[in-house]
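Order of the sequence lines fixes the chain letters, A, B, ..., with proteins taken first and strands second; residue numbering starts at 1 for each chain.
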Amino acid sequence: VRSLIVVFAFLACIAANSLPASATETYRLSANRVAFYTNTFILQGRGNVQVDIGSERHISADFFSMDVRENRFVVAGNVHLFGPDVDESFAAFSVDLVAKRAYAIVTNGSLEHLSFNDNDFVHALRDTQAPPGTFDLPLIAYPASKLGHKIVIGARNYIRYGSCVTQFIGGAGVYIPIPSCYVNVADDPALAQSALAAANAGGKIDLTGSANAVSGLFLIYDRVNGFYTALQENVASSKAWAVFALTASGHPGLSVIGALTPSDAFGVRVSTELQSLAPTATSALTGFRYSDVRVSQAAGPGYAELFASTAADNGAGSQFFPSRPSSAQFDFATPNEPIGDLAFGTIRFGYGEQHDPFGLQQLGPTNYTTLGFGYLNAALSVPALPIGGADPHRRFDLGLLAGETIERFSIPHETAITTTAASLTKPLGGSTISLGYSVANVADRYADQQLAYPLAAAGFNGFATFRTLSLGTTFETSPQLTASLTVNVHDDFPKPDPGFFTVVNAAPLGQNPYPYQLGEPPADVTLAFRIRLNPQLSLDVTDTQFINARGWPTNTFQFLLRP
Amino acid sequence: MTHFTSSLLALDIVAQLLVMQGGFAVMTNGTAYRVAPGAAIVDAKTGKPAATPLPGTLVRLTVDDAGVVNKIASGLPAPRVAVTEKRVPVTFTVRVPPSTRPYDTVYLTDSANRWNPVAIRMDRVDLLRFRTVVAVPAGADFHYLYTRGGAQTIELGAKGTQRKPRVLELGAATALSVDDVVERWGDEVGNTLLPQPHESPTPFNPAPYPNLPVPLHRP
């Protein structure tokens with residue numbers, strides 16, 4: 001109930017902000033063939049073109065062309081502009097919707113150039129030469145991304161077909177029918193937010209939408225939940241957005257995330273989730289709920305934050321341990337401020353409390369239900385110190401990073417993470433070769449270490465060291481092909497011990513692995529490349545081979561086809 | 001696009017047609033030619049009679065010494081690079097905050113890719129820098145942000161709040177390098193990260209390791 005109150009209160013804020021500062025103007029276009037080219041944002045209509053430009057004014061023509069990111073379109077061939085106050089015929093007509101200026105070419109026996117200002121189509125200015133580019137049309141040599149007959153154009157914001165066929169794979173010219181097609185071309189990501197988990201495979205179809213809302217259908221596969229579908233609704237205004245996701249197929253759930261940013265100095269983000277889960281051999285969880293709120297306020301050189309969360313697990317069986325944790329904390333952080341000419345520094349600290357009536361941590365006979373914690377994090381970095389002089393043949397970039405994080409709990413327990421890293425990079429035009437070395441000492445320290453780490457297998461008692469030597473090269477000379485190859489060699493303590501440490505599965509695309517994984521394979525090689533297959537399709541491949549994995553995944557492979 | 005070849009009697013002009021109407025052939029660059037009443041319209045490949053070419057197509061006009069078009073060859077193939085020529089290769093190099101973890105992947109998300117957070121993967125150059133090259137459409141502002149692969153990880157501003165998209169105005173540049181700095185990732189909270197959607201945030205793990213040995217797994 002508390003979660004819903006938070007969400008509804010937040011949505012009320014969004015409703016109060018419900019429209020952008022300038023409402024999006026819409027135009028309606030119909031033609032025998034309305035084609036949209038996703039990669040260039042070109043919209044073309046051919047044959048029996050009808051355009052409704054508002055104020056009861058209409059245009060008929062043989063041809064229509066518009067870059068939907070711009071507020072300008074061109075119609076040509078038997079152009080007829082008509083409305084309550086106008087009835088004109090042209091050979092070609094170009095309309096700038098923002099400047100409210102239009103240019104026409106008339107070819108009735110003689111050639112004539114006309115122009116119109118302020119949407120006044122009654123009083124034409126004659127012999128007005130149009131600026132260069134006024135009648136430019138794109139040259140297109142590939143199949144349309146979407147095809148239909150009727151479309152609504154939200155200037156600089158979106159297009160929406162009544163019904164359409166959409167290209168199955170970019171550039172292939174193979175189409176599948178969809179009852180409604182929507183493409184958002186807005187300059188702001190507010191309507192592209194997601195409340196769904198990262199996927200191993202999947203796709204999204206935007207079914208319908210407007211300047212302030214999008215409804216989409218997701219088809220998703222991930223290793224944990226298998227295939228499932230989800231409906232997602234995005235709403236946005238100039239200062240707020242919210243996204244609702246309803247998942248089905250096996251593990252129904254509802255996720256809501258929203259953000260309100262009334263100014264650059266203040267912002268609120270809330271999320272809540274009700275999720276059901278399918279019990280597995282290793283988990284008795286049947287579901288959980290989770291809510292959080294983050295309030296950020298610019299303060300002095302940095303920003304202060306309040307963060308609170310509450311969660312609860314559902315489960316069944318003797319293997320289920322109930323859990324209902326909640327937390328509240330205050331944080332302050334500075335941005336990465338320059339220190340002198342070469343270095344940057346940042347500091348972050350905070351204090352908070354966590355509570356779980358079922359117990360947060362068991363140490364010996366004591367079950368702690370409330371834990372206070374305070375932390376301090378500081379980092380000093382030199383991103384790229386050029387050495388070797390200005391001569392590009394002799395130049396190297398030296399990178400340095402040192403960081404310390406200490407967290408102390410209200411019981412005799414503290415964690416400390418000390419990281420130091422250095423890299424030496426040789427720029428080679430659009431390519432680079434880089435050698436790096438990093439050491440992370442991680443300490444999980446208790447007053448009675450034996451109490452927390454009773455097993456001394458592999459010599460591990462809470463103190464670990466992660467050493468990584470890496471050699472990498474990047475190839476970034478052309479947008480047609482980018483590539484990188486990285487080799488990492490790890491010398492960690494504790495050493496990998498098959499079957500002792502819990503195996504961490506490879507993260508799906510877009511989700512990053514947790515750091516400080518114990519027992520990681522001693523070496524890995526990653527090859528990644530992106531190649532443009534045609535103007536509408538590129539292929540992105542990442543392949544990591546783990547060497548001497550001994551129980552861990554030996555290989556992770558990801559690929560992405562995108563426009 | 002206009003290309004001229006000439007002989008003693010006629011001039012061949014290859015250009016993009018805007019419209020043929022009322023005795024004129026008007027090109028997209030604004031140039032207009034009078035068309036002879038019986039001018040032949042042929043297919044450029046076969047030489048056979050063809051229909052009036054559509055607006056936007058490349059045509060070859062044969063203009064006589066009086067400046068009148070007496071032959072129009074349509075169906076000239078549009079060069080496959082025609083549209084990509086209007087794109088500018090831009091090298092984006094971003095310096096990430098030191099909180100970025102060693103195995104994190106950084107992506108560039110942009111309006112041209114409908115803000116897909118994994119659309120453009122960047123390559124790690126060294127400790128704190130990632131880089132990629134993108135063919136940015138010329139003629140319109142390019143709006144973009146950096147992310148670690150999800151909508152929840154999209155970068156925030158130096159004041160800790162949601163930031164407006166970065167804007168790149170290309171102007172007349174033929175190639176460009178852009179250096180950016182990310183101040184903070186969107187999922188950072190305190191000294192930890194927000195759970196991703198569908199990620200069960202429980203149970204509480206006080207240890208700095210994600211995969212303690214099974215017998216020690218808490219609580």
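For chain B, no part of A/Ala312 is nearby; none of its heavy atoms comes within less than 4.5 Å. If you measure heavy-atom distances from B/Gln162 to chain A, the contacts under 4.5 Å come from both the backbone and the side chain. Contacts of B/Val26 with chain A are made by side-chain atoms alone, with heavy-atom separations under 4.5 Å and no backbone atom involved. With a threshold of 4.5 angstrom between heavy atoms, B/Arg121 approaches chain A through its backbone and through its side chain. For A/Val183, the part sitting under 4.5 Å from any heavy atom of chain B is the side chain, from C-beta outward, and nothing else. Contacts of A/Gln193 with chain B are made by both backbone and side-chain atoms, with heavy-atom separations under 4.5 Å. If you measure heavy-atom distances from B/Arg184 to chain A, the contacts under 4.5 Å come from the side chain alone. Neither the backbone nor the side chain of A/Leu191 has a heavy atom closer than 4.5 Å to any heavy atom of chain B. For A/Leu371, the part lying near chain B is the side chain, with the backbone staying farther off; criterion is any non-hydrogen pair under 4.5 Å. Heavy-atom distances place the side chain of A/Thr542, and not its backbone, under 4.5 Å from chain B. At a 4.5 Å heavy-atom cutoff, the contact between A/Arg46 and chain B is made by side-chain atoms alone. Residue contact with chain A, scored on non-hydrogen atoms closer than 4.5 Å, is absent for B/Pro117. Both the backbone and the side chain of A/Ser194 come within contact range of chain B, each with at least one heavy atom under 4.5 Å from a heavy atom of that chain. Only the backbone of B/Leu17 comes within contact range of chain A, with heavy atoms under 4.5 Å apart. For a residue to count as touching a neighbouring chain, one of its non-hydrogen atoms must lie under 4.5 Å from one of that chain's; by this rule B/Tyr107 touches chain A with the side chain only. For A/Leu400, the part sitting under 4.5 Å from any heavy atom of chain B is the backbone (N, CA, C, O) and nothing else. Contacts between A/Ala440 and chain B at a heavy-atom distance below 4.5 Å are absent for every atom of the residue. Residue B/Arg148 touches chain A through both its backbone and its side chain, counting heavy-atom pairs closer than 4.5 Å.
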Take B/Arg163 and B/Glu183 through the test salt bridge (Lys or Arg N to Asp or Glu O under 4.0 Å) and record every step on the way to the result. CA-CA 10 Å; B/Arg163 64 163 295 158; B/Glu183 298 288 354; over 6 Å; no
Output, in order, the C-alpha distance, side-chain angles, deciding distance and verdict of salt bridge (Lys or Arg N to Asp or Glu O under 4.0 Å) for B/Arg114 and A/Asp206. CA-CA 11 Å; B/Arg114 265 75 66 196; A/Asp206 283 332; over 6 Å; no
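In this structure, B/Thr109 contributes its side chain and B/Leu145 its backbone to no donor-acceptor pair below 3.5 Å.
Residue with the most contacts toward chain A among B/Asp110, B/Ile154, B/Thr132: B/Thr132 (heavy-atom pairs, distance under 4.5 Å).
Ring centroid separation for the pair B/Tyr146 and B/Phe92 does not come in under the 6.0 Å cut-off. For B/Phe142 and B/Tyr144, the ring centers sit closer than 6.0 Å to each other.
Residues that satisfy the side chain to side chain contact (heavy atoms under 4.5 Å, CB included) test with B/Arg34, not counting sequence neighbours, are B/Phe24.
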